[in-house]
Amino acid sequence: MSAAAERPSPALRTEAMEALLVERGLVDPAVMDRFITTYERDVGPLNGAKVVARAWTDPEYRERLLADGTPAIAELGFGGPQGEHIVVLEQTDDVHHVVVCTLCSCYPWPVLGLPPSWYKDPAYRARVVREPRTVLYEMGLDLPAGKRIEVWDSSAEVRYLVLPQRPAGTDGWDADALAGLVTRDAMVGVATVAAP
Amino acid sequence: MSAPPGQARLDVAGPAAPPRSNGELVFAEPWESRAFGMAVALADAGLFGWDDFRDRLIGRIGAWEAEHGVDAPDFRYYACWLDALEDVLVDGAALTAGDVAARSAAFAERPAGHDHDHADHAH
């Protein structure tokens, strides 16, 4: 087969699309650079970790966060695209929440950054709904048989942030120290926060 | 033995902070970051609504899964993203259906090293 019969590579098509849009005055490469840099360097799970740590150390903040996530998250300075309506799900002794976007990749960018590969993977998106306990086990989370699992499917309107349980052995820790324990996976619900 | 709170304090603001260390590269290849930045910048400028892009992305991902199955190992998320971006731009008449293919073909004809041919670039 000749190479000419193949579809151009996505890299070439991306370059072509950008060139066309720049020529037509529809996109500014500097604006693109700003968004790319923001999500490569500035916006990531550390934001969510700060929200979680604040909720662990400030009961009134936790109440506000659970009642209405978006404004409580904005109190810490986090907001923007894909964060317009964030619902916070609190892990308890009885219920374990796990988040998916079955149709594509909806994810709360302002608090977690862009989603990891496994979150976008067709197998995770299909299987976590059908067999959440097995999928979580395969990802390293072995939940007690009696614990109920609730799977939350992100929609066009709602993004979810999981509030993990605070681990034992952290009495007296301040929010900065606690934030260092909180992982992205725990805030999606595929892990718990390990004791230090 | 656990450290006292003062010593357990981590550099949570630095690039190696723990919540990032269980992460991964945000973009596997440079073109993925351009495709991402283009979609976000265009939506931010109001060229299309994010939900319209999302609908096209759902369509492209669904079509890929229908063809390959959900267990196929070679799913390329940003290839779907790029196709969806072209779809929504064609919908809105910012591009016509053949524009990207034609320009890609033209770019493919460039000689090797095309991006190093500045006149003042001495070798």
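What you see is a predicted model; the values in this text were computed from it and never measured. Letters A, B, ... are given to chains in the order of the sequence lines, protein chains preceding strands, and every chain is numbered from 1.
With a 4.5 Å cut-off on side-chain heavy atoms, Asp121(A) and Val70(B) do not count as touching. Taking the side chain as every heavy atom from C-beta outward, Met38(B) and Phe35(A) never approach each other to under 4.5 Å. Residues Glu15(A) and Trp31(B) form no side-chain contact, since every pair of their non-hydrogen atoms from C-beta on lies 4.5 Å or further apart. No side-chain heavy atom of Leu103(A) sits less than 4.5 Å from a side-chain heavy atom of Leu57(B).
Heavy-atom pairs under 4.5 Å with chain B peak, among Cys101(A), Pro10(A), Ala126(A), at Pro10(A). Annotation: maximal heavy-atom pairing with chain A below 4.5 Å, among Asp83(B), Asp71(B), Asp44(B), occurs at Asp83(B). Counting heavy-atom pairs closer than 4.5 Å to chain B, the top residue among Ser9(A), Ala191(A), Ala11(A), Pro8(A) is Ala11(A).
Note that CD of Glu32(B) and CD1 of Ile36(A) are 11.5 Å apart. Values are rounded to the nearest 0.5 Å. Distance check, rounded to the nearest 0.5 Å: CG of Leu95(B) to CG of Leu26(A) gives 8.0 Å.
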Run the side-chain donor-acceptor check on residues 107-115 of chain A: report pairs under 3.5 Å with partners two or more places apart or on a different chain.
none

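In this structure, chain A has a heavy atom under 4.5 Å from the side chain of Ile61(B), while its backbone stays farther away. At a 4.5 Å heavy-atom cutoff, Asp55(B) makes no contact with chain A through either its backbone or its side chain. Interface residue Asp51(B): only side-chain heavy atoms are found under 4.5 Å from chain A. Contacts of Arg76(B) with chain A are made by side-chain atoms alone, with heavy-atom separations under 4.5 Å and no backbone atom involved. Heavy-atom distances place no part of Glu29(B) under 4.5 Å from chain A, backbone and side chain included. With a 4.5 Å cut-off on non-hydrogen atoms, Leu47(B) touches chain A through its side chain but not through its backbone.
Across all their heavy atoms, Arg24(A) and Ala94(B) have their closest contact at NH1-O, 2.9 Å. Of all non-hydrogen atoms in Phe75(B) and Lys120(A), the two that sit nearest each other are CE2-O, 3.4 Å. Residues Val27(A) and Leu42(B) come closest through the heavy atom pair CB-CD2, 3.9 Å. Leu12(A) and Ser104(B) get closest at one heavy-atom pair: CD2-O, 3.4 Å. Across Ser154(A) and Arg54(B), no two heavy atoms sit closer than the pair O-NH2, 4.1 Å. The heavy-atom pair separating Ala41(B) from Met32(A) by the smallest distance is CB-CG, 4.0 Å.
Applying the side-chain contact (heavy atoms from CB on, under 4.5 Å) criterion to Pro29(A), with sequence neighbours excluded, gives Glu18(A), Val22(A), Arg34(B).
Hydrophobic clustering keeps Phe53(B) apart from Ile58(B) (ILVMFWY residues linked when any side-chain heavy atoms are closer than 4.5 Å, directly or through intermediates). Under the 4.5 Å side-chain heavy-atom criterion for ILVMFWY residues, a single connected hydrophobic cluster contains both Val87(A) and Ile149(A). Both Val188(A) and Val158(A) are assigned to one and the same hydrophobic cluster, defined by single-linkage of ILVMFWY side chains at heavy-atom distances under 4.5 Å. Transitive grouping of hydrophobic side chains (ILVMFWY, heavy atoms separated by less than 4.5 Å) brings Leu141(A) and Val129(A) into a common cluster. Cluster annotation: Trp56(A) is not connected to Val95(A) through the hydrophobic network of ILVMFWY side chains, with a link wherever side-chain heavy atoms come within less than 4.5 Å.
Annotation for Glu23(A): atom CD counts as buried by contact number, over 12 foreign heavy atoms lying within 6.0 Å.
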Tell me, with the steps shown, if Thr14(A) and Val100(B) meet side-chain contact (heavy atoms from CB on, under 4.5 Å). CA-CA 8 Å; Thr14(A) 303; Val100(B) 173; over 6 Å; no

Worked verdict on Leu82(B) versus Met17(A) for side-chain contact (heavy atoms from CB on, under 4.5 Å): CA-CA 9 Å; Leu82(B) 180 65; Met17(A) 191 186 296; 3.6 Å; yes

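We find that Arg13(A) and Glu86(B) are joined by a salt bridge, their nearest charged nitrogen and carboxylate oxygen being less than 4.0 Å apart.
Side-chain contact, Ser105(A) with Tyr77(B): a donor N or O sits under 3.5 Å from an acceptor N or O.
Proximity of the aromatic rings of Phe36(B) and Tyr39(A) is defined here by a centroid distance below 6.0 angstrom, and this criterion is met.
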